[in-house]
Amino acid sequence: AKEIIKLYWSKKRLKFDNKSQIDWQFIQDKKDAKELSKAGFSINQIEKSMNYCVNEYPNINWNLGTVKKAMKEVLKHD
């Protein structure tokens, strides 16, 4: 799950002012990241889904929940 969160934060270009903010955001993202991991999706598939979100939803604040939902589109083309 940590690798997924690290990739997500990188794609979103998240910046934090202190460790408390990092800890808070980690807790927010942990559940969805674990679900993606437990479902057996590869990091490559997850990254494709994130890229899909970047391209298809440029005007919304997508998150890992959106990445989970977008996985259906990625699997169609994988």
Side-chain angles (χ1 to χ4, degrees):
K2 286 182 183 180
E3 185 178 6
I4 295 167
I5 293 171
K6 182 178 175 182
L7 178 63
Y8 169 64
W9 288 3
S10 173
K11 292 273 184 198
K12 293 289 284 190
R13 296 184 177 130
L14 297 179
K15 305 270 190 244
F16 303 102
D17 292 333
N18 56 56
K19 185 170 178 345
S20 294
Q21 291 175 357
I22 294 169
D23 292 344
W24 179 84
Q25 188 64 52
F26 184 80
I27 290 167
Q28 300 302 307
D29 298 331
K30 188 173 161 183
K31 180 182 178 236
D32 288 328
K34 278 187 172 183
E35 286 180 16
L36 285 163
S37 182
K38 283 182 181 181
F41 294 116
S42 70
I43 196 68
N44 187 44
Q45 289 173 313
I46 293 167
E47 184 169 18
K48 284 180 182 179
S49 188
M50 288 182 191
N51 290 336
Y52 179 87
C53 291
V54 167
N55 294 324
E56 295 296 317
Y57 310 121
N59 298 321
I60 68 163
N61 189 17
W62 61 271
N63 56 34
L64 285 176
T66 316
V67 171
K68 287 188 326 187
K69 291 176 186 173
M71 192 59 72
K72 293 175 203 162
E73 293 302 316
V74 171
L75 293 175
K76 286 181 187 177
H77 306 288
D78 206 20

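Predicted model, so just to flag it, every value in this text is computed and none were measured.
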Less than 3.5 Å apart, which donor and acceptor atoms pair up between the side chains of residues 21-28 and the rest of the protein, not counting sequence neighbours?
residue : atom : partner : partner atom : Å
Q21     : OE1  : D17     : N            : 2.6
D23     : OD1  : K19     : NZ           : 2.9
D23     : OD2  : K19     : NZ           : 3.1
Q25     : NE2  : D29     : OD1          : 3.2
Q25     : NE2  : D29     : OD2          : 3.1

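For the atom pair CG of N44 and CG of L7, the computed distance is 10.0 Å after rounding to the nearest 0.5 Å. In this structure, CD on Q45 lies 10.0 Å from CG on L36, to the nearest 0.5 angstrom. If you take CD1 on I5 and OG on S37, they are separated by 10.0 Å, rounding to the nearest 0.5 Å.
Under the salt bridge (Lys or Arg N to Asp or Glu O under 4.0 Å) criterion, D32 pairs with K68, sequence neighbours left out. Every side-chain hydrogen bond (donor to acceptor under 3.5 Å, both in side chains) that N61 has, sequence neighbours left out, goes to K12. Applying the salt bridge (Lys or Arg N to Asp or Glu O under 4.0 Å) criterion to E3, with sequence neighbours excluded, gives no partner residue. Residues satisfying the salt bridge (Lys or Arg N to Asp or Glu O under 4.0 Å) criterion with K38, sequence neighbours excluded, are absent altogether.
Counting only heavy atoms from C-beta outward, the side chains of K30 and K34 approach each other to under 4.5 Å. Under the 4.5 Å side-chain criterion, counting only non-hydrogen atoms from C-beta, F41 is in contact with L75. Residues M50 and C53 have side chains not in contact (no heavy-atom distance under 4.5 Å, counting atoms from C-beta outward). When side chains are defined from C-beta on, T66 counts as touching N63, because their heavy atoms get closer than 4.5 Å.
Counting only residues at least two apart or in different chains, salt bridge (Lys or Arg N to Asp or Glu O under 4.0 Å) contacts with residues 43-54 comprise K11-E47, K48-D78.
In summary, the aromatic rings of Y8 and W62 are positioned with their centroids under 6.0 Å apart.
Under a 3.5 Å cut-off, the side chain of S49 and the backbone N or O of V67 do form a donor-acceptor pair.
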